[in-house]
Each structure stands twice: as C-alpha cells, then as structure tokens.
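Per chain, numbering begins at 1; letters A, B, ... match sequence-line order.
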Amino acid sequence: MSLKYEIFKTSGKSRLGKLHTRHGDVDTPAFMPVGTCGTVKAMMPESVAATGAQILLGNTYHLMLRPGSELVAKMGGLHKFMNWPKPILTDSGGFQVMSLTGLRKLTEEGVTFSSHVDGRKYFLSPEESMRIQYNLDSNITMALDECTPFPSTHEQAKVSMERSMRWAQRSRDAFIDRDGYGIFGIQQGSVYKDLREISAQALTKIGFDGYAIGGLAVGEGQDKMFEVLDYAPQMLPEDKPRYLMGVGRPDDIVGAVLRGVDMFDCVMPTRSGRTSQAFTRFGTINIRNARHKEDPRPLEEGCDCPLCRNYSRAYIHHLQKCNEVLAVMLLTWHNIAYYQRLMKGLREALANDPLSDFTQQFYADQARGDIKEL
RNA sequence: GGAGGGGUGGCAGAGCGGUCAAAUGCAACGGACUGUAAAUCCGUCGACUUUAGUCUACGAUGGUUCGAAUCCAUCCCCCUCCA
C-alpha cells in the first residue's frame with residue numbers, strides 16, 4: 001500500500017496516530033475542513049493552515065463541473081491551483097448521489113448528473129471518479145459510493161450497499177497506486193449491523209489504505225449514529241485509518257473518537273460561520289441574537305483566533321447585522337480554529353492518558369452552554 | 001395666488017365597498033444547519049386571550065351604507081408644476 005499509517009497509542013477504542021502522505025503528515029484524530037470547490041469558503045488557505053488544519057477535503061463532482069479536472073491538472077494539480085501545499089482528500093461524488101437526487105440518474109454503470117449549474121449532463125462512474133481525482137492530484141481518493149439515504153428499509157440499504165461494494169472494487173481496480181497517495185473504501189449499510197458487517201468484509205477483502213464509514217449523520221440522529229458506531233469501526237481493519245464521513249458537531253466527534261474513529265470532515269464549522277453560529281467551549285452561540293448587542297467580551301475567552309483576540313461580541317454582532325463579509329470570514333476562522341483546538345485537545349489527552357479527564361471536562365463545559373449569560 | 005397628486009402597520013409600498021388585522025419587500029425577534037445546489041432556509045411580527053375568539057386600527061372629525069382603509073363633506077398636514 002502506498003499510504004503509511006502509524007498508530008502510536010490506544011486508549012480504550014481510541015487511537016493516536018499519524019498518516020503520511022506525499023504532501024505531509026496528518027495527526028489523528030483529525031478534522032478536515034471542507035473545501036468543496038477548491039476553497040474553504042471565506043478563508044485564505046494560509047489562514048486555514050494557521051488554525052492547525054493539516055488536510056482539506058475537496059470534491060470530485062463540484063470540481064468536475066467547474067473548472068474541470070483537466071484544467072486543474074494543467075494548472076499543476078489542486079494543491080498548487082488553490083495554494084494549499086498540504087494533504088488533500090477528495091470526496092468521490094458519492095454524497096451528491098444522495099444530495100442531488102432528482103438531478104441524477106443511477107445505474108449499475110454509474111451516475112448521470114444534470115449539472116446544478118447549467119443543466120449539462122455529466123457521467124460519473126467509479127472509473128471516471130478515479131480519473132478525476134487523479135487529475136486533481138488528491139492524496140486520498142475516495143471510492144465512488146452511494147451515500148444511502150435515511151430512512152431506508154433493510155432491503156433498500158442492502159441493494160444500495162451491494163452496489164457500493166461493486167463500485168468499491170471497480171474504484172480500487174481503476175486507482176493508480178503511487179507513493180504517498182492512497183484510496184479509501186467506504187462502508188455502507190445504513191443502521192443495519194448485518195449489512196455493515198458484510199460491507200466491512202467486502203472492503204477488507206478488496207484492500208484499501210483506509211476505511212470510511214459512510215451513510216451516517218443523514219437524519220438518523222445522534223443516538224442511532226452512536227449505536228452504529230458502537231460496532232462499525234471495529235469491523236474495519238485495525239491498522240488502517242478510519243474516517244467517519246460528514247461528521248459532525250463537536251460532541252459527535254468526541255463520541256466517535258471514543259468509539260475508534262480517526263478522521264472527520266464536516267461543513268458544520270464553515271457553514272455555521274456563514275449563518276452566524278459560533279462554536280465555543282461552552283456550546284454554540286448565535287451571534288445574531290440581540291443579547292450580544294452591547295457585549296464587550298470576546299466570543300470565546302482563551303481562543304487565539306483573530307476574532308477572539310481583536311474583536312468584541314458586540315462588533316461581530318454588528319457586522320453580522322450589516323451583512324458584512326468580515327463577519328463571515330471571522331466566524332468561519334473562529335469555528336475552524338475551535339474544531340482544530342478540539343482535535344488537538346483529544347490528541348494530547350490520548351498522548352497523556354487518561355482521555356476520560358478530557359472528555360469529562362468537555363461534556364461539563366458543553367453543558368454550561370445552556371446558561372445563556374455565558 | 002393658480003393647477004394637480006398624496007397621507008395605510010418600525011420603514012417602503014399594495015389594496016380602492018364585504019373574502020382586510022390589511023399583499024409584498026426590508027427591518028426587528030427567534031430557530032435550523034452534519035462526505036456544501038446554502039453569505040442559505042424556516043417561523044414570529046397590533047393588543048388580549050389563543051382550534052376558536054374579543055377589542056382597538058389605514059391623518060382627524062362627521063356622514064352615506066346592513067357593511068368603509070376603500071364613497072361623500074369639512075378640517076389638518078405633505079409633495080409637484082405654473083405664477
């Protein structure tokens with residue numbers, strides 16, 4: 001295999017590790033900010049790096065439409081194109097199979113999308129997804145899958161998962177091995193344990209550099225998601241990174257790390273930054289709320305992001321009310337910084353047992369968020 | 001002085017006899033957001049009670065009418081054009 005993964009220490013089901021890629025290392029547990037269209041919305045790549053992020057997520061479907069993977073290749077690859085020299089993982093388009101239902105047609109061969117931009121038709125097969133991600137120079141290519149929607153009956157989830165497994169094989173076959181690059185398979189099976197098991201076995205048999213858990217955080221709720229995570233990670237090879245796709249809220253991430261997950265991505269910190277929700281040690285804050293109008297305090301005491309270092313809640317509230325882009329930029333920066341600080345805290349706790357001290361403090365702090373005066 | 005056009009909920013602005021507590025937008029207040037069709041979407045927005053309902057409301061007063069934001073009279077303001 002072409003991607004090296006080291007596990008330094010485990011604590012319960014949790015693991016402290018490091019993933020080595022051609023473009024640098026990634027300490028795990030890791031959170032990957034989402035940069036769908038070749039940019040983390042409202043952030044300069046240098047700023048994203050300043051938060052401590054070591055790897056970004058890009059998207060096959062969106063970059064295929066604009067500007068096209070050939071152009072990105074011609075411009076020297078996605079790292080150079082977007083000025084992000086560190087590792088990049090690209091989603092295969094599998095999430096769009098679910099999120100763009102109605103704009104796509106699914107067959108055994110692949111998916112035909114009617115572009116949400118101009119209606120033009122695009123065909124995405126496992127082979128085509130591999131070719132595009134190769135063009136993008138992605139360090140971690142994701143197999144093309146179908147993110148199974150929730151709720152799905154056992155039968156629907158089975159049919160969907162089985163196709164994803166056939167596509168996983170085709171993805172693996174079409175993937176070109178290179179040093180410092182790798183491909184991850186994606187487990188499906190919705191909330192059904194037997195299907196998750198079959199899926200895990202199929203993927204393990206094919207053999208990947210890492211294994212993702214897909215089809216979660218799609219509306220089933222945290223309780224059900226944790227039920228699945230109580231067993232799903234352990235079904236996957238122990239010596240490879242495990243990536244929970246699209247998750248999540250801070251407490252989702254902590255809960256998943258405790259259950260043995262190593263990698264995460266989510267639009268939550270960036271999207272929330274654009275919709276005035278800020279994440280803090282003491283829970284979320286909607287900076288648009290009137291109670292912040294005359295609050296001279298920083299958003300989060302002790303945070304070293306530019307927002308918290310230099311501006312008051314009153315000022316961010318004002319910027320937000322005026323629809324100023326700076327509000328979006330600063331809130332996004334803060335949220336990404338918060339997520340990276342959370343991951344760093346988890347890693348440090350894992351390095352210096354016991355992890356339970358950290359998680360106990362985390363849950364206690366989050367609970368205090370109910371006190372609105374904070 | 002002459003001619004004309006207006007005054008509607010925080011603002012702008014529809015409505016021009018009943019289906020009007022009054023469209024729509026903005027503002028205000030709150031909520032949602034999980035591999036990004038999202039700087040987006042949803043709700044509330046006269047008062048009191050709340051399935052329902054009661055009361056006070058479209059410059060002011062009086063009138064016509066079963067019924068008026070809508071028609072008439074008077075008054076008070078505002079705007080445009082001509083002297």
Side-chain angles (χ1 to χ4, degrees), chain A residues 31-43 55-63 65-66 89-104 113-119 129 133 138 140-150 164 184-188 210 212-222 224-225 243-253 255-256 261 263-279 284-293 317 319-332 335 339 372:
Chain A
F31 179 80
M32 305 182 274
V34 176
T36 304
C37 292
T39 169
V40 176
K41 294 185 194 296
M43 292 278 279
I55 176 169
L56 294 188
L57 178 144
N59 185 282
T60 298
Y61 169 80
H62 290 277
L63 292 169
L65 264 48
R66 294 183 299 197
L89 174 150
T90 44
D91 186 28
S92 58
F95 183 73
Q96 280 66 42
V97 175
M98 178 190 77
S99 68
L100 299 181
T101 355
L103 286 179
R104 56 71 168 165
F113 289 101
S114 295
S115 159
H116 70 278
V117 179
D118 60 8
S129 182
Q133 294 183 73
S138 171
I140 302 177
T141 291
M142 298 304 298
L144 184 63
D145 68 333
E146 181 198 4
C147 181
T148 307
F150 182 87
S164 283
F184 283 21
I186 306 171
Q187 182 200 44
Q188 291 292 340
I213 299 167
L216 289 181
V218 287
E220 76 280 7
Q222 196 189 59
K224 270 213 166 63
M225 179 172 82
Y243 162 31
L244 178 55
M245 304 187 79
V247 173
R249 297 196 183 90
D251 59 325
D252 292 331
I253 290 175
V261 176
M263 297 169 65
F264 303 87
D265 82 279
C266 193
V267 304
M268 191 113 271
T270 42
R271 180 179 289 170
S272 287
R274 279 174 275 122
T275 60
S276 77
Q277 181 177 57
F279 292 90
T284 58
I285 286 178
N286 188 339
I287 202 67
R288 198 177 52 203
N289 289 172
R291 66 193 173 96
H292 303 112
K293 191 173 182 179
H317 174 265
L319 290 180
Q320 171 61 229
K321 286 298 200 183
C322 294
N323 267 317
E324 288 292 338
V325 288
L326 185 58
V328 164
M329 292 164 62
L330 290 171
L331 279 169
T332 302
N335 283 344
Y339 268 66
K372 285 296 183 194

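Within the 4.0 angstrom heavy-atom criterion, no nucleotide atom of any strand lies near A:Gly273. Base contact: A:Ile186 has a heavy atom under 4.0 Å from a base atom. Using a 4.0 Å heavy-atom distance criterion, A:Leu57 is classed as a sugar-phosphate-only contact. Within 4.0 Å (heavy atoms only), A:Glu220 reaches no atom of the nucleic acid at all. Here A:Ser276 lies out of heavy-atom contact (under 4.0 Å) with every strand. Counting any heavy atom pair closer than 4.0 Å across all strands shown, A:Asp265 reaches sugar-phosphate atoms only and no base atom. Nucleic acid contact for A:Leu89: none, since no nucleic acid atom lies under 4.0 Å from a heavy atom of the residue. Heavy atoms of A:Gln277 sit under 4.0 angstrom from at least one base atom. A:Asn59 comes within 4.0 angstrom of the backbone, heavy atoms only, and of no base.
A donor-acceptor contact under 3.5 Å is not formed by the side chain of A:Arg274 with the base of B:rA38. The base of B:rG31 lies close enough to the side chain of A:Arg288 for a donor and an acceptor atom to sit less than 3.5 Å apart. Checked by distance alone, A:Ser99 brings no side-chain donor or acceptor within 3.5 Å of a matching partner on the base of B:rU36.
Counting heavy atoms from C-beta on, the side chains of A:Met245 and A:Met142 come closer than 4.5 Å.
Two rings, from A:Tyr339 and A:Phe31, have their centers less than 6.0 Å apart.
Distances shorter than 4.0 Å separate some side-chain N or O of A:Asn289 from OP1 or OP2 on B:rG31. Contact between the side-chain N/O atoms of A:Arg271 and the OP1/OP2 oxygens of B:rU34 is found at a separation under 4.0 Å. Residue A:Gln96 has a polar side-chain atom (N or O) positioned under 4.0 Å from OP1 or OP2 of B:rA37.
The nearest whole Å value for the distance from the CE atom in A:Met268 to the C1' atom in B:rG35 is 13 Å. As rounded to whole Å, 12 Å separates atom P of B:rU34 from atom CE of A:Met225. Here B:rG35 presents its P atom at 14 Å from CG of A:Asp145, a figure rounded to the nearest Å. Rounded to whole Å, the distance from NE2 on A:His317 to P on B:rA27 is 13 Å.
Separating the C1' atom of B:rU40 from that of B:rC33 is a span of 9 Å, rounded to the nearest Å. As rounded to the nearest Å, B:rC48 and B:rG4 have C1' atoms that lie 45 Å from one another. On the P atoms, B:rG18 is 31 Å away from B:rC76, given to the nearest whole Å. When the C1' atom is compared between B:rC72 and B:rG13, the two are found 27 Å apart, to the nearest whole Å.
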Stepwise side-chain contact (heavy atoms from CB on, under 4.5 Å) check, A:Thr36 with A:Tyr61: CA-CA 9 Å; A:Thr36 304; A:Tyr61 169 80; over 6 Å; no
A:Gln222 vs A:Asp251, side chain to side chain donor-acceptor pair (under 3.5 Å): CA-CA, chis, key distance, verdict: CA-CA 9 Å; A:Gln222 196 189 59; A:Asp251 59 325; 3.0 Å; yes
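Shown for residues 319-326 of chain A: residues whose heavy atoms fall under 4.0 angstrom of RNA chain B, namely A:Lys321, A:Val325.
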